[in-house]
Amino acid sequence: QTRVARALHTGELVLHYQPKVNLRTGEILGLEALLRWQHPDQGLVGPQHVLPMIEDVELEVELGEWVLREALAQMRQWTGAGMLWDVSVNIAATHFHRANFVERLKDILLTCPEVSPSRLELEILESAALQDMQYMPHMMQNCQALGVRFALDDFGTGYSSLSYLKRLRADSIKIDQSFVQGILEDTDDLTLAGAIIALAGAFGRHVVAEGVETPEQAAKLLELGCERAQGFGIARPMPANEVLAWARDHAARHASQVVQVAAKRPASL
Ligand code: C2E
Ligand code: MG
Ligand code: MG
């Protein structure tokens, strides 16, 4: 924990960004900020190895606020380059439960007035959101009043009931990657993914598939009515300074696919 605190203060912690795209149009919808530790000896260390080391709530909050500030500063830089991408930030339940969370969020948003709060999305684990159904809907509304949006992360693992979903007014629902990865082989995963997509549609929420690795999975998701996706098959999380080049390549690749599809159509159409 002491080492993580030092890493935070010496700038060894960084954010990588994973694009979220529309599978049908290729449009880049935004990016998810994901924590990494650029460890001097061990190389790049993922959040699953960093976050469990933190037991101190103060440090967890300090880290969470750093992630928010860092993501907003990055959004400001992209905005300057004409890229008005949305960015999602993962928020730990203990951080979200701080009494002054909304006040602090407001102050952090004010440090980047060029970035509209509506372009910031806070991702809360579905399982964490369900822990306190008195508090969560109220807190989410207070944050939404500032303009920020919400996504329920790893959806399908938390046993939400329909009435919970009604009360948790998240803008998006992210289908847990375990279902997406089983979508072609496991009929239960297929059924679950289909049910979550239908549920999101019925409640008027966006639905995003996480962990899309293959074109076949993407095609199946489109068939089920889910157009928004994230996954290694689209792009791995990358350092901020690689995102603009990736976006240019992605646009060129997508344009060439459109041209190929058009070329295959009969001349009369
Ligand atoms: P998450 O928010 O559900 O993020 C998606 C995770 O799935 C990321 O792992 C990402 O690298 C990985 N992923 C994306 N596409 C694929 C794919 O196609 N296949 C596979 N196998 N994996 C894929 P990562 O970066 O290791 O993050 C793990 C979790 O750590 C995140 O899950 C999130 O819950 C948490 N986390 C990450 N950054 C932060 C942060 O800044 N703050 C907090 N509180 N939690 C964070
Ligand atoms: Mg997430
Ligand atoms: Mg997730």
Side-chain angles (χ1 to χ4, degrees), residues 4 7-8 12-21 23 29-39 43-57 59-74 86-98 101 105 108 120-129 149-158 160 170-184 189 193 196 206-218 220-221 228-240 246:
V4 175
L8 177 61
E12 286 172 13
L13 298 186
V14 292
L15 293 181
H16 280 196
Y17 293 86
Q18 186 180 35
K20 182 170 68 182
V21 304
L23 290 172
L29 302 167
L31 302 116
E32 177 172 5
L34 294 160
L35 184 71
R36 300 287 182 266
W37 181 356
Q38 192 64 65
H39 195 285
L44 204 60
V45 180
Q48 308 292 40
H49 302 285
V50 180
L51 299 173
M53 282 200 248
I54 305 175
E55 283 168 5
D56 176 21
V57 179
L59 179 58
E60 193 158 30
V61 171
E62 195 188 342
L63 175 62
E65 291 193 353
W66 174 81
V67 172
L68 280 166
R69 280 198 307 276
E70 181 71 15
L72 281 165
Q74 186 56 56
D86 293 351
V87 170
S88 319
V89 167
N90 294 283
I91 303 288
T94 39
H95 184 194
F96 194 56
H97 271 81
R98 292 287 275 207
F101 182 86
L105 177 64
I108 293 170
L120 179 69
E121 183 174 66
L122 305 183
E123 294 195 3
I124 308 272
L125 289 174
E126 183 209 15
S127 52
R149 289 172 300 113
F150 278 92
L152 291 177
D153 206 352
D154 296 4
F155 196 87
T157 59
S160 273
D171 308 82
S172 306
I173 288 174
K174 299 187 83 174
I175 309 173
D176 188 64
Q177 51 180 276
S178 61
F179 307 130
V180 174
Q181 278 156 20
I183 205 168
L184 297 173
D189 285 347
I196 294 172
H206 292 303
V207 61
V208 181
E210 289 194 292
V212 178
E213 295 188 351
T214 67
E216 292 76 19
Q217 289 167 350
K220 185 51 101 183
L221 285 160
R228 296 166 179 244
Q230 213 179 310
F232 292 171
I234 299 154
R236 286 185 178 258
M238 63 189 97
W246 176 84

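Counting starts at 1 for both ligands and their atoms, following the listed order. Computed from a predicted model, the values in this text were never measured in an experiment.
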Looking only at heavy atoms, is any part of [X] under 4.0 Å from ligand 1, and if so is it the side chain, the backbone, or both, or is it neither?
X    : value
R236 : neither
H95  : neither
V89  : neither
V67  : side chain
E210 : side chain

Using a plain distance cutoff, I'd like to know if [X] has any nitrogen or oxygen under 3.5 Å from a nitrogen or oxygen of ligand 1.
X   : value
N90 : yes
P47 : no
L35 : yes

Does NZ or CZ of R98 lie under 6.0 Å from the centre of the six-membered ring of F101, at an angle within 45° of the ring axis?
->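 Checked: cation-pi criterion not met.
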Enumerate the atoms of ligand 1 whose separation from the nearest heavy atom of P237 is less than 4.0 angstrom.
->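 In order of number, 11 (O).
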Atoms of ligand 1, numbered as shown, that sit under 4.0 Å from any heavy atom of E32 =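 Reading through ligand 1 atom by atom, the close ones are 1 (P), 2 (O), 4 (O).
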Under 2.8 Å from the Mg ion (ligand 3), which protein N/O/S atoms are there?
->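 Within the sphere that stays under 2.8 Å of the Mg ion (ligand 3), the protein atoms of type N, O or S are D153 OD1, D154 OD1, E210 OE1, E210 OE2.
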Show me, pair by pair, the donor-acceptor contacts under 3.5 angstrom made by side chains of residues 12-20, not counting sequence neighbours?
| residue | atom | partner | partner atom | Å |
| --- | --- | --- | --- | --- |
| E12 | OE1 | R3 | NH2 | 3.2 |
| E12 | OE1 | W37 | NE1 | 2.9 |
| Q18 | OE1 | Q230 | NE2 | 3.0 |
| Q18 | NE2 | A235 | O | 3.0 |

Is there a heavy atom of G46 sitting under 4.0 angstrom from any atom of ligand 1?
->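 Outside the 4.0 Å threshold, so no.
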Can you tell me if an N/O/S atom from S88 lies under 2.8 Å from the Mg ion (ligand 2)?
->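 Checking S88: none of its N, O or S atoms is under 2.8 Å.
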